[in-house]
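Sharing a structure below in structure tokens format, with a few things to ask.
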Protein chains: 2
Amino acid sequence: MNQKIENLSKKLVEKNIKPSFQRIKVLEYLTTKRNHPTVDEIFNELVIEIPTLSKATVYNTLDLLMESKLARIVTIEENETRYDADVTNHGHFKCDLCGVIYDFPVNIDDLSTDSLKNFKINEKNVYFQGICPKCLDNIDNNKDKNKGK
Amino acid sequence: MNQKIENLSKKLVEKNIKPSFQRIKVLEYLTTKRNHPTVDEIFNELVIEIPTLSKATVYNTLDLLMESKLARIVTIEENETRYDADVTNHGHFKCDLCGVIYDFPVNIDDLSTDSLKNFKINEKNVYFQGICPKCLDNIDNNKDKNKGK
DNA sequence: TTTTAAATTTATAATGATTATAAATTTATT
DNA sequence: AATAAATTTATAATCATTATAAATTTAAAA
């Protein structure tokens, strides 16, 4: 329990970010929830525990985490920016029906990108869209229901 | 010349979109410029030729093009949405220095995505960031200059 | 052709995420 | 304890996007 706080604190200190309570809580939210949250989602949950919390602090903290590569933006086409503290190589899949964003392992380096040999590549993102198994099931079940009628 | 207009018009008609002058012009802008423009960039250029043009029309037209898969959003983390009329499989590379978005060929199906075998995949996006050759050159040249001093 | 209806475009207001600014608070330093 | 620096907070400003309704254009009917 306290062990976790200390780990998060250490992560911040390693990047020369002072581990304030607010910053630890934002990072904790990201790392434990792993739900690719919006600023609002982070704020609305944390403000319960930190009633004085300001949305500006959430924005500021996320900017800090981004700068030091402790978090990154989930690049999907949405009106609200979403964040991810998992900075290892993995893909994102957004279900067009329920909106949930799934992580999936993907070895991006499998892609041959000869045409970029003169480019310096710093980040690689893979993003798929479609329908998740849960929603596919729901569609099937509804079909069955209609059959019965 | 007129041939091009007719081709664009046909593309729209095929998708049951009435080929109004404004719609043809937006589609023409996207297909000829191929510059992943923002709504503002499209509007600012087209309003020269169509002084009565409204930004709402550009938004409406882009929504139509998206619905019928004649265009798609470039999924990169930016405050303004960017659009692309090239809906074939290809990746996007954004230079962090000059901001230019490059297309690059990529065979996304090379990626093994076993964990998504129960997902229905409708769209696949690949997005890289880094520094483009032009900007890399500029950096090198500046280094040389400083050496000379 | 004239009239009517439907579709499209336009102008404008509203929304809402993000950014900017400055004051208040907390933390660290002298 | 006093001062300075960093952080947080509250608030206002910005700006892309969406919503709404009026104006215009296009298509259809009489």
Please report the closest heavy-atom contact between Val106(B) and Gly91(B), naming both atoms and the distance.
CG1-N, 3.4 Å
What is the separation between atom CG on Asp63(B) and atom C1' on dA19(D), rounded to the nearest whole Å?
12 Å
Per the side chain to side chain donor-acceptor pair (under 3.5 Å) rule, what does the pair list look like for residues 43-58 of chain B, sequence neighbours excluded?
Lys25(B)-Glu49(B), Lys33(B)-Glu45(B), Asp40(B)-Lys55(B)
Mind listing the side-chain donor-acceptor pairs of residues 120-136 of chain A below 3.5 Å, one per line with the distance, residues two or more places apart or on another chain?
{"residue": "Lys120(A)", "atom": "NZ", "partner": "Asn122(A)", "partner atom": "OD1", "Å": "2.8"}
{"residue": "Lys124(A)", "atom": "NZ", "partner": "Asp109(A)", "partner atom": "OD1", "Å": "2.7"}
{"residue": "Asn125(A)", "atom": "ND2", "partner": "Tyr127(B)", "partner atom": "O", "Å": "3.4"}
{"residue": "Tyr127(A)", "atom": "OH", "partner": "Glu77(A)", "partner atom": "OE1", "Å": "3.3"}
{"residue": "Tyr127(A)", "atom": "OH", "partner": "Glu77(A)", "partner atom": "OE2", "Å": "3.3"}
{"residue": "Gln129(A)", "atom": "NE2", "partner": "Glu77(A)", "partner atom": "OE2", "Å": "3.0"}
{"residue": "Gln129(A)", "atom": "NE2", "partner": "Asp96(A)", "partner atom": "OD1", "Å": "3.3"}

Separation of dT21(C) P from Tyr59(A) OH (nearest whole Å):
17 Å
Please report the shortest heavy-atom distance between Ala71(A) and Leu30(A), naming the atom on each side.
CB-CD1, 4.2 Å
Measuring only between side-chain heavy atoms, which start at C-beta, is Leu65(A) closer than 4.5 Å to Leu12(A)?
yes
List, with names and distances, any nitrogen or oxygen atoms from the protein found under 3.5 Å away from nitrogen or oxygen atoms belonging to nucleotides 12-15 of chain D.
none

With distance as the sole test, does Glu41(B) use its side chain to make a donor-acceptor pair with the main-chain N or O of Thr38(B) at under 3.5 Å?
yes
Polar-atom pairs under 3.5 Å, protein N or O versus N or O of nucleotides 3-8 of chain D: list them with distances, or write none.
{"residue": "dT7(D)", "atom": "OP1", "partner": "Arg23(A)", "partner atom": "NH1", "Å": "3.1"}
{"residue": "dT8(D)", "atom": "OP1", "partner": "Ser20(A)", "partner atom": "OG", "Å": "2.2"}
{"residue": "dT8(D)", "atom": "OP1", "partner": "Gln22(A)", "partner atom": "OE1", "Å": "3.3"}
{"residue": "dT8(D)", "atom": "OP2", "partner": "Arg23(A)", "partner atom": "NE", "Å": "3.4"}
{"residue": "dT8(D)", "atom": "O3'", "partner": "Gln22(A)", "partner atom": "NE2", "Å": "3.0"}

Ordered by number, residues from residues 36-48 of chain B within less than 4.0 Å of DNA chain D (heavy atoms) are none
Does any pair with a residue in residues 8-18 of chain A pass side chain to side chain donor-acceptor pair (under 3.5 Å), and if so which ones, sequence neighbours excluded?
none
Taking atom P of dA16(D) as reference, at what distance in whole Å does atom CG of Leu62(B) sit?
15 Å
For the aromatic rings, using the six-membered ring if either is Trp, is the centroid distance between Phe119(A) and Tyr102(B) under 6.0 Å?
yes
Closest approach of Asn107(B) to Leu111(A) (non-hydrogen atoms, all atoms of both residues)
O-CD2, 3.4 Å
Gap between atoms NZ and P, on Lys55(A) and dT21(C) respectively (whole Å):
20 Å
Does any N or O in the side chain of Arg82(B) come within less than 3.5 Å of the main-chain N or O of His36(B), such that one atom is a donor and the other an acceptor?
yes
